[in-house]
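Right, one structure below, let's go through it.
What's counted below: heavy atoms across the whole structure, side chains too, no hydrogens, waters or symmetry copies. Order of listing sets the numbers, starting from 1, for every ligand and every atom in it.
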Amino acid sequence: MTPIKKCILKKDISYKPIWLMRQAGRYLPEFRKIRKKNKNFVKLCLNNKLVPEITLQPIKRFDFDAAIIFSDILMVPYGLGQKLNFTKGLGPQLGDFNDKSSLIIKKSNFINKLKPVYESIKKTSNNKILEKKDLIGFVGAPWTLLVYMINRISPKKNLKKNFFKDKNLNNNILSILKEYLKIHIKYQVRNGATVIQIFDSWAGLLSEKDLEKYVYQPTKEIVDFTKSLDVPVICFPRNIKNFKKFVEKVNPDVISIDYNIEPKKIVKDIHIPVQGGIDPRALLVDKQSLKNEVKKYKEVFKDHPYIFNLGHGVLPQTDPNMVEYLIKFVKDN
Ligand code: CP3
């Protein structure tokens, strides 16, 4: 059994696996070299030669316990026919819904558009280097994708003023998302993804009264579907105020925490495996500070099934030597 599955399914606490969100990315010179020659990010995500290579770059360099497929949560809106561009400095930009017929999608069109993603997963999972490691597939949670599809740019701190104005449009997109996220998960699993992570990056934008409709209910539906495929599912509801309630409502196999929450509180409140939490900025300082930060998590989770990870993605300005040091420190002591 792979280390992540052992931790998740057997609740084995004797070994704490490690992987990092955005472990393949701009902090690696070998990624920047490919990126420089491939200016169109969406096209890069659809390149079934380069995606396996990029996915495995951090696995070749470091002793990680899992790979995560190099792709993006916004490939689902792209598959649904929404225009998608990544402009340097601006983040993602999506097209509008002037024409509502654009919301009528054919399943076969969606699968065809995202076929290269599935081919990349298959190729990557067949690589010998992953024999004893997991390959993590992922999706954005329905709420976070709704945010991007309606807001059309990253919301940073606030949603556009009229975000909730067109209730019909929101409900319509939400149900389309639920249906197509299941398809996207099914095809990732069928092609070799052994764990699924659900990223809800904007869960923290909602007030308590809206969580049931936009976060708990739709996410639970996706979680239950993934479990029905016999694949463990990790949820990352970033900046949500009440992780305990999220776990009770959604019941994932693992809860991934951000760096704003006190790990001591989590270990007291939550009885399922936990992942992450370490501040990505800890990798930007010096080795001693990083060691102190990691020690804190080691101590708090010593008797709890725990997967080492950050509280958000690796920052582009991170020195790869610090990642190396982090892994060594996690594994040596
Ligand atoms: O974790 C991994 O290594 C797997 C690959 C992955 C990417 N994006 C690659 C990527 C994953 C899991 C994601 C998830 C994702 N994408 C999220 C959820 C996690 C989070 O960050 O909250 C979100 C919100 C997105 C949407 C997205 N994609 C944004 C806002 C941006 C622009 C910000 C930026 O860093 O430039 C992206 C682009 C993106 N996705 C990059 C990478 C490596 C950077 C592209 C580049 O090289 O310029």
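- At a threshold of 4.0 Å, the pair Asp319-Lys287 does not count as salt-bridged, since none of the basic side-chain nitrogens sits closer than that to a carboxylate oxygen.
- Atom 32 (C) of ligand 1 has its closest protein heavy atom at Pro92 CD, 3.9 Å.
- With respect to atom 4 (C) of ligand 1, the closest heavy atom belonging to the protein is Ile69 O, 3.6 Å.
- Of all atoms in ligand 1, listed by their number and element, those nearer than 4.0 Å to a heavy atom of Phe70 are 43 (C).
- Of the possible donor and acceptor atoms, none in the side chain of Asp200 sits under 3.5 Å from a partner among the backbone N and O of Ala141.
- At the top of the distance list for atom 31 (C) of ligand 1, counting protein heavy atoms only, stands Phe86 CE2, 3.8 Å.
- Using a cut-off of 4.0 Å between Lys/Arg side-chain N and Asp/Glu carboxylate O, Glu179 and Lys107 are scored as not salt-bridged.
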Quiz item: Step by step, would you call Tyr214 with Phe164 a ring pair (Phe, Tyr, Trp, His ring centres under 6.0 Å)?
Solution: CA-CA 12 Å; Tyr214 289 106; Phe164 290 102; 5.6 Å; yes
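- Lys295 and Glu299 are not joined by a salt bridge, as no carboxylate oxygen comes within less than 4.0 angstrom of a charged side-chain nitrogen.
- Under 4.0 angstrom from ligand 1, the non-hydrogen atoms of Phe138 all belong to its side chain.
- Both the sub-6.0 Å distance and the 45° axial angle are satisfied by Lys113 relative to the ring of Tyr78.
- Among protein heavy atoms, atom 7 (C) of ligand 1 sits closest to Ser71 O, 3.1 Å.
- For the pair Lys298 and Phe329, the cation sits on the ring face: its NZ or CZ lies under 6.0 Å from the ring centre, inside 45° of the axis.
- Protein heavy atom in closest approach to atom 20 (C) of ligand 1: His312 NE2, 3.1 Å.
- Between Arg22 and ligand 1, at least one N/O pair is under 3.5 Å apart.
- The ligand atoms of ligand 1 that sit less than 4.0 angstrom from a heavy atom of Ala24 are 3 (O).
- Protein heavy atom in closest approach to atom 25 (C) of ligand 1: Ile73 CG1, 3.6 Å.
- Each of the following atoms of ligand 1 lies closer than 4.0 Å to a heavy atom of Phe31: 47 (O).
- Between Glu30 and Lys60, none of the side-chain N atoms (NZ, or NE/NH1/NH2) sits under 4.0 Å from a carboxylate O, so this pair counts as no salt bridge.
- The existence of a salt bridge linking Glu221 and Lys182 is confirmed by a sub-4.0 Å separation between a basic side-chain nitrogen and an acidic carboxylate oxygen.
- Of the protein's heavy atoms, at least one falls inside 4.0 Å of atom 11 (C) of ligand 1.
- For ligand 1, none of its N or O atoms has an N or O atom of Tyr148 under 3.5 Å away.
- Of the protein's non-hydrogen atoms, the one nearest atom 18 (C) of ligand 1 is Ser201 OG, 3.1 Å.
- For ligand 1, one of its N or O atoms has an N or O atom of Arg26 under 3.5 Å away.
- For ligand 1, the atoms sitting less than 4.0 Å from at least one non-hydrogen atom of Arg35 are 46 (C), 47 (O), 48 (O), numbered in the order shown with element in parentheses.
- Listed by atom number, the atoms of ligand 1 under 4.0 Å from Gln23 heavy atoms are 3 (O).
- Of the possible polar contacts, none joining the Asn151 side chain to the Val147 backbone as a donor-acceptor pair under 3.5 Å is found.
- Looking at Lys128 and Glu131, a side-chain N of the basic residue comes within less than 4.0 Å of a carboxylate O on the acidic one, giving a salt bridge.
- Atoms of ligand 1 lying under 4.0 Å from at least one heavy atom of Ser154, given by number and element, are 30 (C).
- The two residues Leu146 and Leu177 make their nearest non-hydrogen contact at N-CD1, 3.7 Å.
- Among protein heavy atoms, atom 40 (N) of ligand 1 sits closest to Asp72 OD1, 2.7 Å.
- The residue Thr144 has no part lying near ligand 1, judged by heavy-atom distances below 4.0 Å.
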